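Chain identifiers are assigned alphabetically (A, B, ...) following the order of the sequence lines, protein sequences preceding nucleic acid strands; residue numbering begins at 1 within each chain. All values reported here derive from a predicted model rather than from experimental measurement.
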There are 2 protein chains.
Amino acid sequence: MSLSQTLQALSEPNRRKIIDLLKKREMSVGEMLKHLSVTMPTLSHHLDVLKRADLISSRREGQQIIYSLNLSVVEEITEQIIKFLKI
Amino acid sequence: MSLSQTLQALSEPNRRKIIDLLKKREMSVGEMLKHLSVTMPTLSHHLDVLKRADLISSRREGQQIIYSLNLSVVEEITEQIIKFLKI
DNA sequence: GTATTATTTAGATGTACATCTAAACATCGA
DNA sequence: TCGATGTTTAGATGTACATCTAAATAATAC
């Protein structure tokens with residue numbers, strides 16, 4: 001997971017909104033859909049981007065798929081960004 | 001200057017390299033050129049992107065144009081990113 | 001089996017980005 | 001007026017991204 005990939009992933013507003021939602025609590029795709037103005041396939045795409053950047057994870061629960069933040073990765077990335085921006 | 005724009009600007013490796021160079025000291029375009037594998041117009045373009053994101057500034061000094069980091073802006077942005085990523 | 005929830009693929013559109021070469025401009029020093 | 005240093009424009013190329021609709025596929029619950 002490169003810093004480029006992470007920053008690129010976080011540069012899209014809908015994806016940052018997803019991160020914001022998942023900071024509060026884990027959530028199914030259907031729930032997230034209510035908070036965003038995109039279609040299901042588009043949301044799936046954004047989730048895929050965030051997943052490939054290792055920022056989120058998913059697990060199945062019945063018919064639903066529950067997404068959650070990868071807390072440790074987020075912290076790690078925060079460190080990386082701080083280190084890079086440190087003057 | 002939106003967070004999207006900032007993250008987008010920082011997601012390109014050459015531009016991060018420019019930031020890294022300017023963290024050490026201010027530098028002319030010709031000097032930066034020695035550290036990057038791009039043509040002068042391409043470098044000019046990247047400098048323009050970073051400038052529009054308010055991350056760097058320039059001043060003329062004789063025939064040269066000297067670029068420098070906007071320290072206060074970088075700190076501000078760091079705060080913004082930390083705040084966003086804060087769990 | 002059928003309905004629900006989500007992913008994936010396909011096809012399409014429109015936009016943005018990175019890069020180059022070549023050439024035109026602009027600014028300054030000598 | 002040259003030469004040096006950069007910027008900008010123009011034209012071109014190739015890639016990537018965000019988005020949609022429609023349809024196929026997958027997994028699970030009932």
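Checking C:dT5, C:dT19, D:dT5 against the side-chain heavy atoms of A:Q64 singles out C:dT5 as nearest. Checking C:dT7, D:dT19, C:dT19 against every side-chain atom of A:V29, the shortest atom distance belongs to C:dT7. Residue B:S28 has its side chain nearest to D:dG6 when only D:dG6, D:dT21, C:dT27 are considered. The nucleotide whose nearest atom lies closest to any side-chain atom of B:P41 is, among C:dA22, D:dC17, D:dT21, C:dA22. You'll find that the side chain of A:M40 is closest to C:dA6, out of D:dA22, C:dC17, C:dA6.
Rounded to an integer number of Å, the gap from A:L50 CG to C:dT7 P is 12 Å. In this structure, B:Q5 places its CD atom 9 Å from P of C:dC17, rounding to the nearest Å. Atom P of nucleotide C:dC17 and atom CD of B:E12 are separated by 11 Å, given to the nearest angstrom. Atom P of nucleotide C:dC28 and atom CZ of B:R59 are separated by 14 Å, given to the nearest angstrom.
For the pair A:N14 and B:E31, both in contact range of DNA chain D, the more 5′-proximal nearest nucleotide belongs to B:E31. If you find the closest nucleotide of DNA chain D to A:H45 and to A:G62, the one lying nearer the 5' end belongs to A:H45.
For the pair B:V73 and B:D54, the tightest heavy-atom approach, listed with the atom from each and the gap, is CG1-O, 3.3 Å.
Within the structure, every side-chain polar atom (N or O) of B:S44 is placed at least 4.0 Å from both OP1 and OP2 of D:dT8. The phosphate of D:dC20 (OP1 or OP2) has a side-chain N or O of A:T42 nearer than 4.0 angstrom. Phosphate contact (OP1/OP2 of D:dA18, side-chain N/O of A:R15, threshold under 4.0 Å): present. Here A:Y67 does not reach the OP1 or OP2 of C:dT5: none of its side-chain N or O atoms lies under 4.0 Å away.
Side-chain polar atoms of B:R16 and A:S4 form a donor-acceptor pair below 3.5 angstrom.
The pair B:D20-B:K23 meets the salt-bridge criterion, since a charged nitrogen lies less than 4.0 angstrom from a carboxylate oxygen.
Under a hydrophobic-cluster definition in which Ile, Leu, Val, Met, Phe, Trp and Tyr are linked whenever side-chain heavy atoms come within less than 4.5 Å, directly or via other members, A:V74 and A:I66 are assigned to different clusters.
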